[in-house]
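Indexing begins at 1, ligand by ligand and atom by atom, following the structure's order. When reading the values below, keep in mind they use all heavy atoms of this one structure, side chains included, and skip hydrogens, waters and symmetry mates.
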Amino acid sequence: MKTIVSGIQPTGSINVGTYLGSIRNFVALQDAMPEHHFYIFIADMHAITVQRDRLELRKTIKELAAIYLACGLNPERVSLFIQSEVIAHAQMAHLLECHAYIGELERMTQFKEKARAQESGVSVGLFTYPVLMAGDILLYDAEYVPVGDDQKQHLELTRDIAIRMNNRYGECLRVPKPLFPKIGARIMSLTEPTKKMSKSDTNVKSKIHLLDDDAIIRKRIMSAVTDSEGVVRFDKDNKPGISNLMAIYGAVTNLEYEAIENAFKDADYQTFKKAVADALVGEIAPIKARYKAIVESGQVDEILDEGAEQARRLAQKKIAKLYHKVGLGRKRK
Ligand code: ATP
Ligand code: LTN
């Protein structure tokens, strides 16, 4: 069976950027691609590449699991699991680290940015982060990997490593393809629209969390940075704020930019912002309601146990095959 793989780090409350850039896409694909099975996980091993509070991390892992389900992931179509509960991810990371080059990792822009943001004590894990990620993907022979476009470079590295190993050992890894959402692949900060909306941004006004109250959602959109032109027009370079609100509106309503421009050609920014806020509140309200029901139902642990079991089955086989290819251990009959 063909597979689709993706993950999100449990590094803080899920915001509209992560939702529109990835989770919403997982849900759409799960319905649109019935011939594929999905492995969607919580990338907790990635989360510890920078220092975190352990209790906060544990809380966020459970919250993300419930968010995935509240957004509509269907456990019948998706093996939903926690990365660290499938030991093969750590095994695969070492295997791939021996086939990735220091020079390639030094070029990763996310590493450079995250390392720069830390004063000292940049961990080796942060440096090898993209290799751990490559392992997540190659372990399940993913055909597609739905991600936001900030992950493009990591996907290219994953492909390069797979091709390198196939050349060295014979076909053993499927070369995956990224899948970016058509609209919403990069949602920007509401306060600095040239930066991506990020979980780790400390400015609360820069983002909207999926579990925020309706009033907060409206307030954040109404106070989002725009420009003085007063025309709803998509122009990322000169009008990053309005273009970002159009991306949010377009992703939620499935309208193209041209259709949005037409619909709001006589509207002022207040009117447009109100429409964006209404659309977003309408999209998020049922997620919040389902989140509450799922947490109260107590089913999350069972779903995660089942998902990890399914993931282990496939991943262990892959590791055994690769160890054999590379020459590790003993040859068994
Ligand atoms: P951090 O800020 O801690 O680096 P993050 O907000 O980038 O984290 P991730 O867990 O790294 O969140 O991302 C999960 C998925 O969501 C990835 O596929 C990523 O591409 C996507 N994503 C995250 N932020 C955005 C955004 N602002 N716009 C579109 N997609 C996003
Ligand atoms: N690096 C990704 C999260 C991630 C991921 C993956 C995404 C870890 N492993 C495997 C897709 C496939 C991020 O920060 N967005």
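Ion pair D201/K195 flagged as a salt bridge, since at least one NZ, NE, NH1 or NH2 atom sits closer than 4.0 Å to an Asp/Glu carboxylate oxygen.
Counting heavy atoms under 4.0 Å from ligand 1, residue S200 touches it through both backbone and side chain. Within the 4.0 Å heavy-atom criterion, neither part of Q110 lies near ligand 1. Contacts with ligand 2 closer than 4.0 Å are made by side-chain heavy atoms of V147 only, the backbone lying farther away. Contacts of Y140 with ligand 2, taken as heavy-atom pairs under 4.0 Å, are absent altogether. Only the backbone of A185 comes within 4.0 Å of ligand 1, judged by heavy-atom distances. At a heavy-atom distance under 4.0 Å, atoms from both the backbone and the side chain of V147 approach ligand 1. For V145, every heavy-atom contact with ligand 2 shorter than 4.0 Å involves the side chain, none the backbone.
Annotation: atom 28 (N) of ligand 1 to nearest protein heavy atom, I187 N, 2.7 Å. In terms of protein heavy atoms, atom 4 (O) of ligand 1 is closest to K114 NZ, 2.7 Å. Ranking the protein heavy atoms by distance from atom 9 (P) of ligand 1 puts K199 NZ, 3.5 Å first. At the top of the distance list for atom 11 (O) of ligand 1, counting protein heavy atoms only, stands Q9 NE2, 3.3 Å.
Ring to ring, F264 and Y249 are close: their centroids are under 6.0 angstrom apart. The aromatic ring centroids of H89 and Y140 lie less than 6.0 Å from each other. Two rings, from H154 and Y129, have their centers less than 6.0 Å apart.
Note: F81 and Y39 have perpendicular aromatic rings, judged against thresholds of 30 and 60 degrees for the angle between ring planes.
L304 and M45 are members of different hydrophobic clusters when ILVMFWY side chains are connected at heavy-atom separations under 4.5 Å.
More than 12 heavy atoms of other residues, nucleotides or ligands shown are found within 6.0 angstrom of CZ on R168. The number of heavy-atom neighbours closer than 6.0 Å to CG of L55, taken from other residues, nucleotides and ligands shown, is above 12.
When the heavy-atom distances from atom 18 (O) of ligand 1 to S198, A247, P10, G148 are ranked, the shortest goes to G148.
At a 3.5 angstrom cut-off on N or O pairs, D136 counts as close to ligand 2. Polar contact with ligand 2: present for Q151 (N/O pair, distance under 3.5 Å). Residue Y129 has at least one nitrogen or oxygen atom sitting less than 3.5 Å from a nitrogen or oxygen atom of ligand 2, judged on distance alone. Looking at ligand 2, you won't find any N or O of Q110 less than 3.5 Å from one of its N or O atoms.
The ligand atoms of ligand 2 that sit less than 4.0 angstrom from a heavy atom of F41 are 6 (C), 9 (N), 10 (C).
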